[in-house]
Amino acid sequence: MTAIQLTDVRKSFGRTEIIRGVNLTIPKGQRHAIIGPNGAGKTTLFNLISGRFPITSGRIEVNGNDTAGLAPQQINHLGLSRSFQITSIFPRMTVFENIRCGLLWSRGHRYSFWSLLGSQKALTEEAEQLLERLNLSSRRNVYAGLLSYAEQRSLEIGITIAGGADVILLDEPTAGMSHSETDYVQHLIRTISEGKTLVMVEHDMGVVFGLADIITVLVYGEVIASDTPANIRGNRAVQQAYLGEEAA
Amino acid sequence: MSTQTSSAAAMSAPSFLRRHGLWFFMLALMLVLPWVFYDHEKGRHSGFAITLLSEMALMSIFALSYNMLMGQAGLLSFGHAVLFGVGAYFVAHTLNFIRASGLPIPVELMPLVGGIGGLVCGVLTGYVATKQRATAFAMITMGIGELLTAAALMFMTFFGGEGGITTDRVVDTSIFGIPYTRPIQVYYLIVAWAMIAALLMFLQTQTPLGRMANASRDNYERTQFVGYDPKVIRYWQFILAGFFAGIAGGMYCLVYEIVTFDTLAAVKSANALLATYIGGAVGFFGPIMGAVLVVGMQSGVSLHTSAWLLYLGVVFIAMVIYAPGGLLGLFANHIPIARMGRLGELVVPYARILVPGLMMTLGFVLFVELTTHQTINAAQGKKFSLLGFAPDPGGTMVWLSAIVAMIGGALWVRHEGRFFMAKWNALIEDAKARGIVA
């Protein structure tokens, strides 16, 4: 079964074509990294898959469903969840409430205005367990906007996985982090993506080669290679286009 | 932390009282206040006080319903009075219908009828307004407000034109056998409904919809990616806000027995905004404080001066600049310092700022009152007086002292303000160091 299937996906902003006919198949359970130089269209590709922008032409399937014309929340209901390159959390709510908001829909709460959340013991417990896994239990009642940058990134990963989506898109999860923070987040991603499909855009090659089963290289809106880390490392075209000395 | 207390302890009576003490305090206050103003010589209630208290209660509900949009969902509405006014018209027509048809619909249910009116209006206008958020939402609500105000003057049968719809609450359908001939009887009915409405709005903040309204306020895009449609959240929140605004409108109709187009006009909407902002949109109880203050100024200060609206404007601007969290925010800012037990250290800085502050305020008030006297009141042959003093409003000395007090006070306040802020910042830094504030 495939989690994500892209068929000749194109996206133009005005006259500029940013994504120029991408074909990509990501099977279920794979950890997949998308790399490429700045401006290659990695984040745009994420925005197309998650429904933030509509595609210009082509076809995107998530868990076997065509996503054409679907709003982000509808694509979320197909089992896909994402994080953002620029941290996207609920800053004026507590850490606990952030996580609980991530849980609500998938636990069937919808738009209810008659059930009190305080009496939902199971929901509270679940949110607290997730906080434990994220190492954020001690920050439970702090406004999310007051957390440190690294804590906010962890929290966003928490919100992303809380709903139990089986396809997870992470956009530069370790950007701007110190070495120790990066190590911690890499470990966190490994555990939370257990048994799920993970797609991530990442610049830290240590994280990419440490986590990914398959690496796709995107240059100027086109896929120039999609292969195992070992083969990508040896791929001359990739070396020329992107990796340069970093991988050498 | 207090949240770690076991559920058994939380159920015990003293802690229940402590946790919900504010509610009991508000109820007790509302029940007792009419008797504070009781006229023992004449043996009756003060009509002015009862009307004032009724207005405060119903405006509190109106402001709380406004805050369901502003504070909770981050939606700035300029047309909230539409929901209030339609609720009020619904009740006026219902009362007239009861009188004409003899149908035994209890008077006690009239606020609920108003709520249904507001809800219907919310379903219709919210459908258009909540498609958008931010500035577009604000513009649409403003447009709807103007549209309905214009319609109110055109469609006579429902809105009654400029004269409005008059009604009579004494229809003899009370389930408790209360005639509602006296304002105090209506007041207690309003207290009951205000408590119910406030409690329901409070509980609503703790439901999935209430929390997701916060979420969509903070970050509508993230809201989508956790599976919610922000438009649907906004629409439901708007409809519910309409319901509670309608309840307030229903109370209004019971108190005044006349509903005119200005119940749904822009000034009424602005009042909700002012009350919510001055009280503080960040916490649940803020709008109540704001409503009490705004109504107090409207009814109390307006008795003494025709410039009351100017004073309200100055208070509003000062709050926006110096206390964006409103009155509630001002109180909340002191909590960490109180927790350290060092509130006493602020007494001197406060006193030092209070003296020049008072001087500046008095100077300003004197200046404004002299101006309004010379431009308006003098022509009406009124005598000038302020706080019991009656200086000659044409004299140079009185004008000069007003200006000196105003400008001198302002400069002095600025000077003392620096001293105050230094002390304040030191205390907050200390609180941070001790981990009391994040």
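Per chain, numbering begins at 1; letters A, B, ... match sequence-line order.
- A:S83 touches chain B through backbone and side chain together, each having a heavy atom under 4.5 Å away.
- Ranked by non-hydrogen atom pairs under 4.5 Å with chain B, the options A:H109, A:R92, A:H77 are led by A:R92.
- Under the 4.5 Å side-chain criterion, counting only non-hydrogen atoms from C-beta, B:Q237 is not in contact with A:F113.
- Aromatic ring orientation, B:Y228 versus A:Y111: perpendicular (interplanar angle above 60°, classes split at 30° and 60°).
- Here CZ of A:R110 is found 13.0 Å from CG of B:D229. Values are rounded to the nearest 0.5 Å.
- Residues A:S88 and B:N219 approach most closely at OG-ND2, 2.7 Å, considering heavy atoms.
- Contact of the A:L116 side chain with the B:L203 side chain is registered, since non-hydrogen atoms from C-beta on lie closer than 4.5 Å.
- Comparing B:L240, B:N214, B:V232 by how many heavy-atom pairs each has under 4.5 Å with chain A, the most go to B:V232.
- Of the atoms belonging to B:L200, not a single heavy atom falls under 4.5 Å from chain A.
- If you measure heavy-atom distances from B:T205 to chain A, you find no contacts under 4.5 Å at all.
- Heavy atoms from other residues, nucleotides or ligands lying under 6.0 Å from CZ of B:F331 number 12 at most.
- Annotation: maximal heavy-atom pairing with chain A below 4.5 Å, among B:A213, B:A215, B:G210, B:S216, occurs at B:A215.
- Around CZ of B:R342, the count of heavy atoms belonging to other residues, nucleotides or ligands within 6.0 Å exceeds 12.
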Full working for side chain to side chain contact (heavy atoms under 4.5 Å, CB included) between B:Q224 and A:Q74 = CA-CA 9 Å; B:Q224 289 185 300; A:Q74 291 168 315; over 6 Å; no
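- Heavy atoms from other residues, nucleotides or ligands lying under 6.0 Å from CD of B:Q206 number more than 12.
- The nearest pair of heavy atoms linking A:L104 to B:M212 is CD1-SD, 3.7 Å.
- Residues of residues 156-165 of chain A lying under 4.5 angstrom from chain B, judged on non-hydrogen atoms, are A:E156, A:I159, A:T160 by number.
- With contacts defined as side-chain heavy-atom distances shorter than 4.5 Å, the pair B:Q204/A:W114 does not qualify.
- Of the residues considered (A:G102, A:C101, A:A71), A:C101 shows the highest number of contacts with chain B, using heavy-atom pairs under 4.5 Å.
- Taken to the nearest 0.5 Å, the CD atom of B:E221 stands 8.0 Å off from the OG atom of A:S50.
- Sparse packing is recorded around OH of B:Y127, with 12 or fewer heavy atoms of other residues, nucleotides or ligands lying under 6.0 Å away.
- A 4.5 Å side-chain heavy-atom check between A:W105 and B:V226 finds every atom pair outside the cut-off.
- Nearest heavy-atom pair, B:T223 versus A:F90, reported as atom, atom and distance to 0.1 Å: OG1-CE2, 3.6 Å.
- Proximity of A:L117 to B:R211: side-chain heavy atoms (C-beta onward) are separated by under 4.5 Å at one or more points.
- Between A:Q120 and B:P208, the closest side-chain pair of non-hydrogen atoms is not below 4.5 Å.
- Looking at A:L123, neither its backbone nor its side chain comes within 4.5 Å of chain B, counting heavy atoms on both sides.
- When the shell of 6.0 Å around OH of A:Y143 is examined, it contains 12 or fewer heavy atoms from other residues, nucleotides or ligands.
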